[in-house]
Amino acid sequence: MNTSGLLAIVFALGVVALSAVTALPEEDMESVSVALGLRAEGLILARCSVCHTADLITQQRLPRERWEATVDKMKHWGAEISQEEQILLVRYLSARYHPGAPDRLPPLEHEAGPAEPLRQEPALTGPLVGVAGRGSGIFEHNCQACHGQGGIGGVGPKLSKNPILKQEEHFWDTVLHGRGPMPAWGSILSEQDIADIHAWLLTR
Amino acid sequence: MNELGKRVLVSRRGCLKLLAAGLGAGMMVHHAASAVVAAQKDGPQSGTGGLTVRVARPFDAETPVGEFASFLTPIDRFFVRSHFGPPAMETIEESRWRLSVGGAVERPQVFSMTSLRQLEPVTITAVLQCSGNGRAYHQPRVPGVQWDRGAVGNAQWTGVRLRDVLQATGVRAEGRHVQFQGADRPAVATVPLFVRSIPLEKALHPDTIVAYEMNGRALPLLHGAPLRVITPGWMAESCIKWLTDIVVREDEAKGYYMQTAYRVPGHLASSSTRLNADAMVPVEVMPVKSLIVSPESGQHATIGPVMIQGVAWAGETRVAKVELSMDEGKSWKTAQLLGEPQPYAWRQWRFIWPAKVPGIFTIVCRATDEQVAAQPPVSPWNPGGFLWNGWDRITVDVNAS
């Protein structure tokens, strides 16, 4: 290879490197898939709206580090956000609600179908059996803020000894699709999670 | 409402639609919303329908600036800022309400509303303004409720002097700060409580009151019924609603809402300044500020005299003058101040502008207080987005006929 060829390659590499650097600070919505956006929205409903409606979030236009600090602050204040959920939330919020985003944002494409669950479960083989021992922790993380410690009730109804536990279809429908003020949990909890919570609540 | 406000409103609707699926009106069962519903049931005129809602729960809503044409802002059009939302309606009954006063006092005491009402009543007209009013104008953008221009109002507050309450208990020599706490509680117990304190001098000022009436009516739930603090001339985060506890202390109150939030750099800072905690001081006095109330931004006018009206206020001091500029501050004309000069309340003003040619004009106004502080073109940036008092600005479309 002659010198000019080498220079051309070096130049091309430089351009690639430069564009990679300039593209780094802001991840935009195109790279945050619709399914991920829907999952993040589900999380906002599940985790944040315990204390405030989502309008407080969607009116912000902040750079990634401010979103990181904000989600950190909310975790510190008791928002039940796991490490995995935090990463997803910060990615989504800083891609959609960044300082350069217009005040009026187009809605996400909801036609894409339901959000994928946060965790992919292996395909079910045989009947779903809830494990009460696991349900306790899942309840604490997801349900306790509204339904109280041990399901004794809070902003949301008391669940321990609630007749809905015996009406399994009704229980599942409520958890998966939400009811009244309760958001839908279908995109946050796996079927196994819901079965575990159900099993644990029956012991309360 | 100006252009920014309109944009914020429109985008808010879009976003609400976006998230409506899971979070419909159903989520509104929480107490803030039930208070809004209750306020709306009060009477046909007392709904909150005239407010621009920034956050549905806990309820944050501001007044459309056109409402400031009246000297007193009507209760049902008065902005609402909630940290957690009001306590349950049934808990605010006057006969059951107790105010406990303790800490560095000679005789700790629990007051009923009846015993408080035996003290001499006083009425003060004062502007109440959220520290974050105008946050949406700070650049770079700052997190928090994106208030436009209407998180402010002027009302008549009736109550008793905090000084008289503290005289009844006596203040021990070491007492330097007076801490307030209300009955509102966060949805999740791990969220810090809204606890604030003010220096003893402000607490003992004869115009600082604990109020039980607003504009001549019993204080409504969303505004702190049955009892709230009013610190005239100071920003509203000192004006604790649903007041249940006063503690006299040697030092400032502890906790997030005193030690971290509602603080600004003691010296001029920019968004790139590194700010340590000791560089920050509590937000206290309201800086001088004015608003153009009418015409509203974007309105049409015709060639000839155009009446421009507005309000101006200056914290603990008085407004000295209000000026308008049609050329972005190159030249200024003085507006006519109406009514009497007084501290705390706002002053209405008007200016008759002889519009001579058609076109789109930007009208800017600024106020100056008696201590010669004038509104700056743009307020100094601060990390909380507080104390915005930059020149107010509207555009008017002047037509030939």
Side-chain angles (χ1 to χ4, degrees), chain A residues 37-38 41-42 44-46 48-63 66-67 69-70 73-80 96-108 110 115 144-146 149 154-157 177-188, chain B residues 3-33 53-61 82-85 135-136 139-148 185-192 256 260-261 271 383 385:
Chain A
L38 291 176
E41 280 189 27
I44 289 172
L45 290 176
C48 313
S49 64
V50 171
C51 288
H52 59 81
T53 41
D55 44 9
L56 180 56
I57 298 169
T58 57
Q59 66 189 268
Q60 311 300 326
R61 295 289 180 271
L62 302 173
R66 293 309 297 254
W67 278 120
T70 303
K73 176 179 159 191
M74 294 301 134
K75 266 186 88 165
H76 179 65
W77 280 7
E80 290 283 354
R96 186 162 168 84
Y97 304 106
H98 59 85
D103 284 336
R104 188 201 310 226
L105 282 165
L108 281 190
H110 279 248
Q144 186 165 297
C146 289
Q149 200 169 15
V155 179
H177 307 295
R179 187 155 65 105
M182 176 162 152
W185 288 83
S187 65
I188 306 291
Chain B
E3 285 310 305
L4 175 70
K6 276 182 193 146
R7 287 205 306 273
V8 171
L9 250 187
V10 170
S11 91
R12 202 181 56 77
R13 279 196 205 107
C15 296
L16 279 181
K17 204 189 289 170
L18 177 75
L19 285 165
L23 188 77
M27 205 66 197
M28 306 274 286
V29 290
H30 200 54
H31 36 242
V53 178
R54 296 279 168 227
V55 182
R57 177 182 52 84
F59 192 60
D60 291 317
S82 311
H83 289 89
F84 316 127
R135 178 177 288 127
Q139 286 296 339
R141 296 281 286 267
V142 171
V145 179
Q146 298 297 303
W147 298 109
D148 188 0
R185 291 291 178 273
V188 176
T190 40
V191 172
Y256 175 79
T260 306
S271 57

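Just so you know, these numbers come straight off a predicted model, no measurement behind them.
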Results of side-chain contact (heavy atoms from CB on, under 4.5 Å) for B/S271 - residues two or more places apart only: B/P140, B/W381
Minimal non-hydrogen separation, B/A187 against A/C51, with atom names: CB-SG, 4.1 Å
Residue that, paired with B/P143, satisfies side-chain contact (heavy atoms from CB on, under 4.5 Å) out of A/K73, A/R66, A/Q59, A/R61: A/R66
B/Q139 atom CD: more than 12 heavy-atom contacts under 6.0 Å: yes
Separation between CZ of B/R57 and CG of A/L56, rounded to the nearest 0.5 Å: 11.0 Å
side-chain contact (heavy atoms from CB on, under 4.5 Å) involving B/R135 - partner list, sequence neighbours excluded: B/V142, B/V145, B/Q146, B/W147, B/F386
Exceeds 12 heavy-atom contacts within 6.0 angstrom, atom NE2 of A/H76: no
